[in-house]
Amino acid sequence: MERTTRNGDFATRLIAWHGGHGRHDLPWQNTRDPYRIWLSEIMLQQTQVDTVIPYYARFLARFPDVVSLAAAPVDDVLALWSGLGYYARARNLHKAAQAVVARHGGGFPRSAAEIAELPGIGRSTAAAIAAFAFDERAAILDGNVKRVLCRVFGIDGFPGERAVEQRLWALAEELLPHTGIGTYIQAQMDLGATLCTRGKPACGRCPMADICVALREERVAELPAARPKKAMPQRHAQVAVIVADGTVLLERRPPTGIWGGLLTLPEIPGDSSDPAGWVAARYGLRPGEAKALPVLNHVFTHFRLEITPLLLEVDGHGRMAADADHRWLALDSLADAGLPTPVRRILAELAGSGGDLLSPRGAG
DNA sequence: TTCCGGTAGC
DNA sequence: GCTACCGGAA
């Protein structure tokens with residue numbers, strides 16, 4: 001009962017607000033022609049009102065009804081769409097026009113369920129068309145509506161997530177008024193587009209301000225919840241910690257890419273199953289058997305790197321000469337070397353172990 | 001540079 | 001249930 005009152009409140013407030021503050025003069029309003037409404041809804045997907053207006057006018061001038069659209073070559077349709085983006089919308093529009101002419105003899109299907117069967121028209125768009133053209137009591141759930149519902153009713157979770165989306169659909173249906181559906185749907189769109197915006201919503205002018213959960217709990221900025229960060233690609237690398245007589249071999253990386261031009265631990269190719277052999281072949285050293293050091297994870301902006309350091313000890317007398325791209329760094333003077341953080345960590349761990357990780361002096 | 005978004009298609 | 005689509009806006 002409490003719920004019913006509050007929900008009745010929602011529609012009533014919305015419709016009342018729309019009377020004074022909604023948009024009433026857009027080119028696709030004040031018509032009940034399903035073709036014009038359909039065209040506007042498709043153009044308004046992913047595209048803002050101001051961008052759509054000139055396209056809409058040009059399109060209607062060339063294709064005033066579904067029959068003329070169906071009869072046109074698809075390239076003509078695409079030409080009129082050029083610049084709007086998401087060209088699948090135009091292809092589907094054309095296909096759907098042909099389906100309407102073929103299946104319904106040019107009469108537009110009159111229920112949301114039938115409309116939703118046309119290409120390019122999903123549940124929300126079908127509901128909008130059915131509501132505007134035929135007064136069908138059907139709920140919409142586009143990005144604007146999701147944002148409004150998440151905030152007003154304090155719904156947590158990412159709306160792209162299945163459970164959250166289902167909850168929002170259920171709520172949207174529950175909130176539908178029994179009369180004035182067209183005005184209500186338009187008001188929903190307008191509220192999300194003009195006041196309850198993503199960036200800086202105008203809560204001071206919002207008709208929902210005194211029932212809005214997000215506003216009351218100061219969570220307007222957090223709702224709706226953002227898309228969870230997708231797991232970054234995970235990469236793996238083996239690096240050689242080649243130690244000779246208290247020094248470690250550093251190698252300059254290629255000038256571009258990660259750590260471009262920096263001195264780092266040599267990276268052992270991932271396909272090398274014999275690190276000691278690889279070190280021997282590449283540097284002319286004769287290391288003992290490789291010892292795995294603790295794995296270390298490093299996060300970049302665009303991927304995670306799991307680094308497996310392999311300790312390879314060589315005889316101090318076998319040290320190759322340093323050159324521009326190779327340097328033997330004393331383990332007790334890490335501080336003044338400009339090293340990437342993970343490399344510094346690995347070496348600090350080694351140096352800080354008090355030599356526990358290293359064999360007795362002179363081994364190799 | 002990153003985020004956003006209906007629908008289709010996987 | 002994930003991504004591509006494409007342009008605009010933050």
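Heavy-atom basis, side chains included; hydrogens, waters and symmetry copies ignored. Lettering of chains follows the sequences in order, A, B, ..., and the numbering in each one begins at 1.
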Whole-Å gap separating P (C:dG7) and CG (A:D50): 18 Å
Quick one: do the A:D65 and A:S68 side chains pair a donor with an acceptor below 3.5 Å? yes
Heavy atoms only, 4.0 Å cut-off, all strands: where does A:Q48 land among base, sugar-phosphate and nothing? sugar-phosphate
Please state how far atom CH2 in A:W81 lies from atom C1' in C:dC5, giving the value in whole angstrom units. 13 Å
May I ask you to say what A:G83 touches in the nucleic acid, namely base, sugar-phosphate or nothing, with a heavy-atom cut-off under 4.0 Å? sugar-phosphate
Flag for A:T51-A:Q48: side-chain donor and acceptor within less than 3.5 Å: no
Report the residue (A:G85 or A:G199) whose heavy-atom-nearest nucleotide on DNA chain C is the more 5′ of the two. A:G85
Under 3.5 Å side-chain donor-acceptor pair for A:E251 and A:T264: no
So, A:Q238 and A:E267: side-chain donor and acceptor under 3.5 Å apart, yes or no? no
Between A:D190 and A:Q186, do the side chains contain a donor N or O and an acceptor N or O under 3.5 Å apart? yes
Pairwise N/O distances under 3.5 Å, protein to nucleotides 4-7 of chain B:
unit_1: B:dG5; atom_1: N1; unit_2: A:Y86; atom_2: OH; d: 2.5
unit_1: B:dG5; atom_1: N2; unit_2: A:Y86; atom_2: OH; d: 2.8
unit_1: B:dG5; atom_1: N3; unit_2: A:Y86; atom_2: OH; d: 3.2
unit_1: B:dG6; atom_1: OP1; unit_2: A:G143; atom_2: N; d: 2.9
unit_1: B:dG6; atom_1: OP2; unit_2: A:G143; atom_2: N; d: 2.8
unit_1: B:dG6; atom_1: O4'; unit_2: A:Q46; atom_2: NE2; d: 3.1
unit_1: B:dG6; atom_1: O3'; unit_2: A:T125; atom_2: OG1; d: 3.4
unit_1: B:dG6; atom_1: N9; unit_2: A:Q46; atom_2: NE2; d: 3.2
unit_1: B:dG6; atom_1: N3; unit_2: A:Q46; atom_2: NE2; d: 3.4
unit_1: B:dT7; atom_1: OP1; unit_2: A:G122; atom_2: N; d: 2.7
unit_1: B:dT7; atom_1: OP1; unit_2: A:G122; atom_2: O; d: 3.4
unit_1: B:dT7; atom_1: OP1; unit_2: A:T125; atom_2: N; d: 3.2
unit_1: B:dT7; atom_1: OP1; unit_2: A:T125; atom_2: OG1; d: 2.6
unit_1: B:dT7; atom_1: O5'; unit_2: A:G122; atom_2: N; d: 3.4

Hits for ring-ring contact (aromatic ring centres under 6.0 Å, His included) against A:F63, two or more places apart or cross-chain, chain-then-number order -> A:F59
